[in-house]
There are 2 protein chains.
Amino acid sequence: MESVNIKKLAQLLNLSIATVSKALRDSYDISQETKDRVMALAKELNYQPNPHASFLRKQNSKTIAVIIPEIANNYFTLAINGIESVAQEKGYHVIIYLSHEDYNRELAFTRLLTSGRADGVLISVSSTTTDYTHLHDLQNKGLPIVFFDRVCENFNTVKVTTDDYQSGYLATSHLIDQGCKRIAHLAISQSLSIGNKRAKGYIQALQDNGFTPDESLLIECTNNEEQDATLIKELLQQQKPDGIFAAVERYAIASYELCESLGLNIPEDVKVISFSNLQTASLLNPSLSTITQPAFEIGREAAAMLLKKLEKKNFQLPDESIVIQSKLITRKSTMR
Amino acid sequence: MESVNIKKLAQLLNLSIATVSKALRDSYDISQETKDRVMALAKELNYQPNPHASFLRKQNSKTIAVIIPEIANNYFTLAINGIESVAQEKGYHVIIYLSHEDYNRELAFTRLLTSGRADGVLISVSSTTTDYTHLHDLQNKGLPIVFFDRVCENFNTVKVTTDDYQSGYLATSHLIDQGCKRIAHLAISQSLSIGNKRAKGYIQALQDNGFTPDESLLIECTNNEEQDATLIKELLQQQKPDGIFAAVERYAIASYELCESLGLNIPEDVKVISFSNLQTASLLNPSLSTITQPAFEIGREAAAMLLKKLEKKNFQLPDESIVIQSKLITRKSTMR
DNA sequence: TTGTAAGCGTTATCAT
DNA sequence: ATGATAACGCTTACAA
């Protein structure tokens with residue numbers, strides 16, 4: 001357990017602790033010779049500064065916290081990849097917290113974060129979160145927060161999202177173009193920014209094309225697979241939609257499974273399109289038309305903004321939304 | 001940024017710092033009344049002990065590091081879920097490091113970890129890692145290490161895996177049972193424990209069934225999608241296998257894509273089976289037969305062992321392999 | 001150019 | 001039962 005610390009280096013080199021510390025930080029008033037000696041030994045012994053001790057002095061931990069609802073999800077996985085890529089570039093460490101769509105866990109994490117464990121927070125809020133004071137509290141403590149994907153609209157900071165409204169509009173329009181007359185929307189929690197926007201895009205597209213939105217075709221799904229299956233099954237049996245626009249991948253997958261078990265053919269009986277980052281979308285039976293989100297870029301951008309705030313003394317996180325567009329990729333599931 | 005610390009609590013309560021500290025830790029020699037007052041105020045002000053300061057004294061950070069090759073991968077995603085579930089139970093924080101299958105990054109992470117940022121390490125090694133001294137160094141510094149999935153066999157610690165050899169054997173036997181005569185194996189790096197074992201299972205199954213393993217049918221794939229596509233394309237065109245056993249999901253997906261582009265039918269022309277945790281395996285065209293790994297449980301078990309070591313003074317990580325079985329799930333891709 | 005010493009927030013030892 | 005104090009490893013005025 002004996003670790004190499006500054007004290008040890010100082011002893012071995014017959015220098016004071018202060019001199020070693022300054023030499024390591026390449027300070028002006030240390031002779032080049034001393035610096036070289038210190039650096040050489042530090043390298044030889046693989047000296048790593050103790051981050052906890054530096055935190056105590058400098059009040060930064062070179063760590064960011066990422067709070068997400070779940071991780072077994074291609075979207076968040078890609079976003080983490082993006083986040084990690086900039087964190088690694090800048091020498092930051094990434095702590096992951098999974099809220100499992102549970103407000104209380106999210107709350108507990110934010111409480112823990114008031115103690116200096118991380119210098120900033122990236123968050124995509126849980127679907128059961130309706131109150132944002134825990135996040136305001138964090139911000140008030142001086143912890144910079146950047147939202148991505150599931151954002152809090154009226155929060156004074158950067159929010160990175162995709163164009164959810166337009167994409168919802170586009171997906172629905174695409175179904176209309178393909179001849180659908182009864183289009184259902186499997187929506188994600190309407191208390192979520194993305195849920196709301198995607199649904200609004202859906203409704204507007206219907207209206208713009210002369211359809212009257214039908215409440216019984218807009219299903220707000222849950223976080224429970226069984227419950228969702230029941231809802232979707234009822235929808236398919238009772239409302240008999242000829243098009244489904246799924247707000248998230250999971251609902252599209254459930255739809256595929258239920259269509260199979262009910263003997264419905266995609267796309268003949270029902271056409272399906274979904275927000276999705278599934279790698280295998282094109283290999284499904286039938287291949288799935290998707291709104292593919294720039295998840296990696298969203299993660300990168302959010303992390304880049306947060307780290308800019310942490311690194312640049314004078315930079316303040318602006319109160320703005322950064323929108324990175326999704327792409328509509330049509331495949332067989334929506335073919336005429 | 002003004003944070004609540006012990007000092008502040010002490011001032012407000014007109015107590016000494018020492019008393020407050022002890023009261024918070026529910027020490028024997030503090031009166032119940034004082035404890036109550038301290039606790040009440042701590043709760044009211046949402047006092048959170050500074051983890052960096054405690055580290056300096058106690059030498060533990062309540063943090064574990066997870067080093068994995070990639071995250072856009074259903075297996076690792078599920079494993080993280082398992083790891084996080086026990087970490088959350090025990091109040092530990094999880095830092096994620098992605099080696100991107102690059103030994104040098106893995107090395108850099110382990111160097112960083114010598115400084116106390118984490119109390120222990122869970123690792124699944126990169127496919128380019130052949131030397132394990134960086135990990136031995138970590139262990140020698142007193143950092144407990146637990147391997148999962150891609151383990152180092154001769155390393156004195158716990159290794160949690162699935163039964164890779166038996167599963168490779170099983171997958172291959174299944175293809176034989178389904179009538180395949182020329183079975184190819186798309187192997188992952190043979191320097192990886194899992195790559196080696198899965199391939200050995202494949203070879204043994206062939207031999208036990210009267211086939212002579214053919215080197216040109218055992219393709220060691222890479223980490224580069226294009227290169228893999230070339231390799232698999234050549235395999236399909238030149239060797240014309242009638243069965244493919246893919247060691248990882250990615251190779252199965254590539255096989256599907258290439259069969260499609262080459263006009264080969266699965267399972268009529270080629271049957272395919274793969275190690276995979278794809279949620280959509282049953283929805284693929286055709287549905288994919290898989291060896292499904294208990295990824296969540298593997299993550300849970302690995303984390304549980306590590307945390308046991310961290311929490312129990314007298315517990316030493318045994319030098320043993322914990323094997324949790326995979327399941328063969330047959331679907332259309334291997335139908336006769 | 002180098003060294004001394006204080007202090008970051010905690011915990012633990014030893015007094016009181 | 002409570003308090004004073006040193007120490008953890010590091011940074012940084014300030015002194016030499």
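Predicted model only: the values in this text are computed from it and were never measured. Labels below follow one simple rule: chain letters A, B, ... track the order of the sequence lines, proteins then strands, and each chain is numbered from 1.
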Carboxylate-amine/guanidinium contact K62(B) D119(B), below 4.0 Å
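So K62(B) does not pair with D119(B) through a salt bridge.
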Output yes when R111(B) and E106(B) qualify as a salt bridge under the 4.0 Å nitrogen-oxygen rule, no when they do not.
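The answer is no: the pair does not qualify as a salt bridge.
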With nearest nucleotides of DNA chain D determined for A53(B) and S21(A) from heavy-atom distances, which residue corresponds to the more 5′ nucleotide?
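With A53(B) and S21(A) compared, the 5'-side residue is A53(B).
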Does a side-chain N or O from S54(A) land closer than 4.0 Å to OP1 or OP2 of dC10(D), or not?
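For dC10(D), OP1/OP2 do not have a side-chain N/O of S54(A) under 4.0 Å.
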Nearest whole Å is fine: how far is [N] [atom2] from [X] [atom1]?
| X | N | atom1 | atom2 | value |
| --- | --- | --- | --- | --- |
| R25(B) | dT2(D) | CZ | P | 18 Å |
| Q11(B) | dG3(D) | CD | P | 13 Å |
| H52(B) | dA7(D) | NE2 | C1' | 19 Å |
| D26(A) | dT1(C) | CG | P | 13 Å |
| I17(A) | dA6(C) | CD1 | P | 14 Å |
| L9(A) | dG3(C) | CG | P | 14 Å |
| L24(B) | dG9(C) | CG | C1' | 12 Å |
| L56(B) | dG9(D) | CG | P | 7 Å |

By the 4.0 Å heavy-atom rule, please label [X] as base, sugar-phosphate, or nothing.
| X | value |
| --- | --- |
| D29(B) | base |
| S31(B) | sugar-phosphate |
| L15(B) | sugar-phosphate |

State which of [options] makes the closest approach to the side chain of [X].
| X | options | result |
| --- | --- | --- |
| A18(B) | dG9(C), dC10(D), dG3(D) | dG3(D) |
| R57(B) | dT2(D), dT11(D), dA12(C) | dA12(C) |
| I6(B) | dT4(C), dT10(C), dC8(C) | dT10(C) |

Without hydrogens or angle criteria, can the side chains of [X] and [Y] be said to hold a donor-acceptor pair below 3.5 Å?
| X | Y | value |
| --- | --- | --- |
| Y75(A) | E70(A) | no |
| R150(A) | T161(A) | no |
| T133(A) | D131(A) | yes |
| T130(A) | S191(A) | no |
| N223(B) | S127(B) | yes |

So, under a plain 3.5 Å distance rule, would you say the side chain of K22(A) forms a donor-acceptor pair with the base of dG3(C)?
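By the distance-only test, yes, there is a pair.
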Y132(A)-F155(A) aromatic ring centre distance below 6.0 Å:
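Between Y132(A) and F155(A), the centre distance exceeds or equals 6.0 Å.
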With nearest nucleotide decided by heavy atoms, which residue, T19(A) or F55(A), maps closer to the 5′ end of DNA chain C?
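The residue whose closest nucleotide sits nearer the 5' end is T19(A).
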Which of residues 32-50 of chain B sit near DNA chain D, with a heavy atom under 4.0 Å from it?
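Contacts with DNA chain D under 4.0 Å: T34(B).
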